[in-house]
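Okay, here's the structure, questions in a sec.
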Amino acid sequence: MPKLSLVVPVYKVQGYLPECLDSVLGQDCTDFEIIAVDDCSPDGSGAILDEYAKRDSRIHVIHLTENVGLGRARNAGLEKATGEYVLFLDSDDTLSDGALSAIRDRLEATGNPEILVFDYARTYWDGRRRPNMRADLLKEEGPDVFSLDERPRLLDLLQIVWNKAYRRDFVTRTGLTFPPGYYEDAPWTFCSLISAERIAVLDRVCVHYRQRREGGNILKTVSRKHFDVFDQYRRVFDYLDAHQELAQWRGPLFRKMVDHYLTILERPGRLPQDARAEFFHRAAADYRARVPKGFSRPLGGRGHKYGILERDAYATMVSALAAVKFRQRVRTSTRSALNRSKRSAMGAFYHSQLRLPLDDDLVLFSAYWSRSVSCNPAAIDAELARLAPRMRRVWAVRAENVADVPKGVRVVRVGSREYWSAVARAKYLVNNVNFPDAVVKREGQVHVQTHHGTPLKTMGLDQQKYPASTDMDFDKLLERCDRWDYSISSNRFSTVVWERVYPCSYTTLETGYPRNDVLVNATSEDVRAARAALGLADGTKAFLYMPTHREYQPGFTPPLDLARLADELGPDVTVLVRGHYFYGSSPHVSELRRTGRIVDVSGHPRVEELYLAADALITDYSSAMFDYAVLDRPVISYVPDWDVYSAVRGTYFDLLQEPPGAVATTQAELLRLLASGDYDSRETTERRDAFRRRFCEFDDGHAAERVVRRVFLGEETALPIVPFDERPHAPTPAQALELVERA
């Protein structure tokens, strides 16, 4: 029997769940079990639980067949718990380092009390941490073990279930269970505290209580479900009626009830406007039915509100709240004036366009800060032309890049009147990065964020942990991300990362990356055409070298002697280099470039064509590895500075341990791999297969169609993902040549 059982209810938390589980599994105290309850979560949370359970036998997963809500999910976990003590941890929160050891040690030091109350702190997306405002109540003064009679002010703590450890035989003896509905913590917490004879406290932060920016809890939900609070306090007072020996707590719990009702009434964003009067009258009825004899109202303004509720004087309450709102409006007038000033800076013309109706058939595309017509937006554009030809498709392009736009593409120059008109009036805006800060998200507009790669390096809010890698304003970043309606993902790994590092209220579309459709569907003719466009002769082996940008290095300095590489690989090998414009002006390098032995493809408009043309990819930390893996061709990771890069930028997994194929950390090692052919072995093929199954999960050649059907045609039922082992992919250059020779 473990000392501690942690019950973790799980519902729509795939972005935070790994961090929660890791915080438990990383504890120095190992005498615990985790009972994780998948409350029929519609996202990937259940799969994440199963993956963790495979790796650690202390995790036991329960998959519920229907969504039952937080309270009943906790009950399901409680039934399976075997530990001496039970703790409840919400699946978006985390344990602090050493929390379980501190809890275990305090339990043993205090003779195993029925309840141990410990501290918590609120944590925020921007790294802020706010301590519990009533942490003073947990000071370990006086007797180590006591009843609530001796420290009644513990009732003034936030009444939550997850800041306590409960002895399981105490829970069984008192018959405690969680009720359904909102505010399910109240009956459990109040009834357990007043029933316990032996309570102890631990003056230590053990739980980090995540304050989710995008909501995710009942306190930020406008709903009639807040009426559930009446049933919860009915249960509290029913418990008191059944336990006359606890009658002394009727007064304190009455006050907690009234304070809770008033909080719901006073806080905006909980009750629908048309339900406020009904809620007030029900609260007033509870007040009059349960007020203890001789009860004295609090002093001051709070006591005045008690009196209003007792008299059922709703009109008076409305007037009081209106006065408060007026004072708040006065305080925010300066902020509003500032916002108006910012909007006026956008220009009178843009303002005038914002007042015109949206054009439901207009789509504005942009890619890579409006530098090209490419990537996922370009693939969606092409599919939209096929499935919805009525839609008018326009691309935002910088003036200096307009000359490179393919013929037939309609363009608006960034900053022009046509551009601002399109931004203001297009029903749909599609981008693989964010639109500028000045762009206003209009009601009815649909923003599609396609992203432009699977993340190895840290992104979004995770970059806060690596300040040397960025000078980003994270507040501004999230304001831009707030405009997203859809976020496209090519695998569950990316989905989890995006939802955590961009915590905004968008819908994730797990469609695959549209730009990778061609890597699945391309024919031998497409492969040969891509090679011919680069001047690659039949029989020539082409290695595509794509190093990524390093924030700590100025400019493009490949950590590779390309001239030596070309020399040692011989005349039948061509090295395609894609990065910033290829450096080097030595006569030898110039000669290699002249003969085609080294080809600078940095300016090539479509990287997918380079993938089709190449026999193998050499890269380091670029997201190119994830896309190229769709082709099931060799990928060589050349990572001579892995220690520096991973420390400065941060990564989501260890590329040395989970590579897509062969790995080299020195140029000599890379040359040996390429010259010997060991980069394409049974071992590297097995690595690539595991990598592809994880990161090419949804790339089955139909991604663009899924996006168009869902976003533009409004089809809710997505095309099924083709099973991984049944998917085709484009033929290799050798296979393409063989097919032509056969023909």
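For this chain, numbers begin at 1 and follow the sequence in order. Predicted model, so just to flag it, every value in this text is computed and none were measured.
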Among Leu565, Val577, Thr574, the one residue meeting side chain to side chain contact (heavy atoms under 4.5 Å, CB included) with Ile598: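 Output: one option passes, namely Val577.
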Exercise: identify the closest heavy-atom pair between Lys441 and Val446: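 Closest approach of Lys441 to Val446: CE-N, 4.5 Å.
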Between Asn516 and Ser490: side-chain donor-acceptor atoms closer than 3.5 Å: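 The answer is no; no qualifying pair exists.
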Side chain proximity check, Leu49 to Leu21, heavy atoms < 4.5 angstrom: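 Leu49 reaches Leu21 side chain to side chain.
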From Thr523 atom OG1 to Leu612 atom CG, the distance as rounded to the nearest 0.5 Å: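 Interatomic distance, Thr523 OG1 to Leu612 CG, rounded to 0.5 Å: 9.0 Å.
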Check: Asp517 side chain, Ala704 main-chain N or O, donor-acceptor pair, under 3.5 Å: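 Side chain of Asp517 to backbone of Ala704, a donor-acceptor pair under 3.5 Å: yes, one is there.
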Atom CZ of Arg500: over 12 foreign heavy atoms under 6.0 Å: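 It does: Arg500 CZ has more than 12 such atoms within range.
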Qualifying residue, where the test is side chain to side chain contact (heavy atoms under 4.5 Å, CB included) with Trp498 and the options are Pro455, Cys481, Pro503: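 That would be Pro455; it is the only one of Pro455, Cys481, Pro503 passing the side chain to side chain contact (heavy atoms under 4.5 Å, CB included) with Trp498.
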Full working for side-chain contact (heavy atoms from CB on, under 4.5 Å) between Leu544 and Val601: CA-CA 9 Å; Leu544 174 60; Val601 293; 4.2 Å; yes
Phe493 ring center near Phe626 ring center (under 6.0 Å):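 No, the ring centres sit 6.0 Å or more apart.
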Donor-acceptor pair, side chain of Arg528 and main chain of Ala736, under 3.5 angstrom: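 Checking the backbone N and O of Ala736 against the side chain of Arg528, no donor-acceptor pair under 3.5 Å is found.
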Test item: Lys427 side-chain N/O and Gly444 main-chain N/O as donor-acceptor pair under 3.5 Å: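 Here the side-chain-to-backbone pair exists.
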More than 12 heavy atoms of other groups within 6.0 Å of Arg72 CZ: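 No - once you tally the heavy atoms of other residues, nucleotides and ligands closer than 6.0 Å, there are 12 at most.
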Glu683 and Ser681 side chains, donor-acceptor separation under 3.5 Å: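 No, no side-chain donor-acceptor contact under 3.5 Å.
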Residue pair Ile488 / Val707, side-chain heavy-atom distance below 4.5 Å: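 Yes, close enough: below the 4.5 Å cut-off.
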Salt bridge (Lys or Arg N to Asp or Glu O under 4.0 Å) assessment of Glu669 paired with Arg672: CA-CA 5 Å; Glu669 191 177 4; Arg672 183 192 65 76; 5.1 Å; no
Pair Arg710-Thr511, side-chain contact (heavy atoms from CB on, under 4.5 Å): steps then yes or no: CA-CA 10 Å; Arg710 173 65 187 275; Thr511 58; over 6 Å; no
side-chain hydrogen bond (donor to acceptor under 3.5 Å, both in side chains) contacts in which one or both residues fall within residues 56-68, not counting sequence neighbours: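 Qualifying pairs: Asp38-His63, Asp39-Asn67, Asp50-His63, Asp56-Arg58.
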Validation row: Tyr52, Pro18 side chains within 4.5 angstrom (heavy atoms):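 In short, these two side chains touch, coming nearer than 4.5 Å.
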Arg706 (side chain) donor-acceptor with Leu719 (main chain) under 3.5 angstrom: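 Indeed, once roles are kept as given, a pair shorter than 3.5 Å links the two residues.
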Side-chain touch Arg692/His729, heavy atoms, less than 4.5 angstrom: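 Counting from C-beta outward, Arg692 and His729 do come under 4.5 Å.
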Atom pair CG (Asp360) and CZ (Arg392), whose distance is rounded to the nearest 0.5 Å: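 With rounding to 0.5 Å, CG (Asp360) is 10.0 Å from CZ (Arg392).
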Ring centres under 6.0 angstrom apart (Tyr502, Trp484):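 Judged by ring-centre distance (under 6.0 Å), Tyr502 and Trp484 do meet the cut-off.
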Working for side-chain contact (heavy atoms from CB on, under 4.5 Å), residues Leu25 and Ile34: CA-CA 9 Å; Leu25 298 176; Ile34 298 174; 4.0 Å; yes
Non-hydrogen atoms of Ile62 and Lys80 that approach each other most closely: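 Smallest heavy-atom distance, with atoms named: CD1-CG, 3.4 Å.
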Minimal non-hydrogen separation, Gly44 against Gln14, with atom names: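 Scanning both residues completely, I find the closest heavy atoms to be N-OE1, 2.7 Å.
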Only distances under 3.5 Å count here; give the side-chain donor-acceptor pairs of residues 604-611 to other protein atoms, sequence neighbours excluded, each with its distance to 0.1 Å.
{"unit_1": "His604", "atom_1": "ND1", "unit_2": "Arg606", "atom_2": "N", "d": "3.2"}
{"unit_1": "His604", "atom_1": "ND1", "unit_2": "Arg606", "atom_2": "O", "d": "3.2"}

Geometric cation-pi criterion, Arg688 with Phe691: 6.0 Å, 45°: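 Judged by the rule, Arg688 and Phe691 form no cation-pi pair.
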Short N-O contact, Lys54 and Glu51, less than 4.0 angstrom: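 A salt bridge is absent here (no side-chain N lies under 4.0 Å from a carboxylate O).
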Side chain to side chain donor-acceptor pair (under 3.5 Å) between Tyr652 and Asp462, worked out: CA-CA 10 Å; Tyr652 289 119; Asp462 282 348; 2.7 Å; yes
Note, Val518 side chain near Asp526 side chain (heavy atom, < 4.5 Å):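 Result no, sub-4.5 Å side-chain heavy-atom pair not found.
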Main-chain N/O of Asn491 paired to Glu510 side chain as donor or acceptor, under 3.5 Å: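 Absent.
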pair Leu509-Val711: side-chain heavy atoms closer than 4.5 Å: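 In short, these two side chains touch, coming nearer than 4.5 Å.
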Check: Pro731 main-chain N/O paired with Arg633 side-chain donor or acceptor under 3.5 Å: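 Here the side-chain-to-backbone pair exists.
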Asp627 side chain vs Ala624 backbone, donor-acceptor pair below 3.5 Å: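 A pair under 3.5 Å: no.
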Plane angle bin for Tyr368 and His452 - parallel if under 30°, tilted between 30 and 60°, otherwise perpendicular: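 Perpendicular.
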Residues Arg210, Asp90: salt bridge by 4.0 Å N-O rule: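 The answer is no: the pair does not qualify as a salt bridge.
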Heavy-atom pair with the smallest gap, counting every atom of Val37 and Ala73: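 Reported closest heavy-atom pair: CG2-O, 3.5 Å.
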Residue pair Val496 / Asp43, side-chain heavy-atom distance below 4.5 Å: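 Not touching, per the 4.5 Å side-chain cut-off.
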Tyr513 backbone acceptor or donor facing Asp699 side chain under 3.5 Å: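 Yes, Asp699 side chain to Tyr513 backbone: donor-acceptor pair under 3.5 Å.
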Reported OG-to-CG distance for the pair Ser91 and Leu17, which is rounded to 0.5 angstrom: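 Ser91 atom OG to Leu17 atom CG measures 6.0 Å (nearest 0.5 Å).
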Lys/Arg N to Asp/Glu carboxylate O, Arg390 vs Asp361, below 4.0 Å: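 Answer for the salt bridge query: yes.
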Over 12 foreign heavy atoms within 6.0 Å of CZ, Arg682: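 No, the 6.0 Å shell around CZ holds no more than 12 heavy atoms from other groups.
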Mutual orientation of the aromatic rings belonging to Phe653 and Phe695 [parallel < 30°, tilted 30-60°, perpendicular > 60°]: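 Taking Phe695 first and then Phe653, their aromatic rings lie parallel (interplane angle under 30°).
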Donor-acceptor pair, side chain of Asp620 and main chain of Thr548, under 3.5 angstrom: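 It does hold such a pair.
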Under 3.5 Å side-chain donor-acceptor pair for Thr508 and Glu499: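 The answer is yes; a qualifying pair exists.
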Residue pair Asp700, Val520: steps toward the side-chain contact (heavy atoms from CB on, under 4.5 Å) verdict: CA-CA 7 Å; Asp700 65 350; Val520 179; 5.8 Å; no
Verdict with reasoning, Asp381 to Arg410, per salt bridge (Lys or Arg N to Asp or Glu O under 4.0 Å): CA-CA 11 Å; Asp381 179 10; Arg410 183 183 172 192; over 6 Å; no
Shortest non-hydrogen contact from Phe435 toward Ser366: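 The pair with the smallest heavy-atom distance is CE2-CB, 4.1 Å.
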Heavy-atom pair with the smallest gap, counting every atom of Asp678 and Thr684: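 For Asp678 and Thr684, the tightest heavy-atom pair comes out as O-CG2, 3.9 Å.
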Close aromatic pair by centroid cut-off 6.0 Å: Phe365 and Tyr428: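 Here the rings of Tyr428 and Phe365 have centres that are no less than 6.0 Å from each other.
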Heavy atoms of other groups near Lys541 NZ, more than 12 under 6.0 Å: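 Open: at most 12 neighbouring heavy atoms sit under 6.0 Å from NZ of Lys541.
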Inter-residue atom distance Leu429.CG - Asn434.CG, 0.5 Å rounding: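 Reported value, rounded in 0.5 Å steps: 11.5 Å.
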Sidechain-backbone polar pair: Arg687 side chain, Pro659 backbone, donor-acceptor under 3.5 Å: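 No: the side chain of Arg687 does not pair with the backbone of Pro659.
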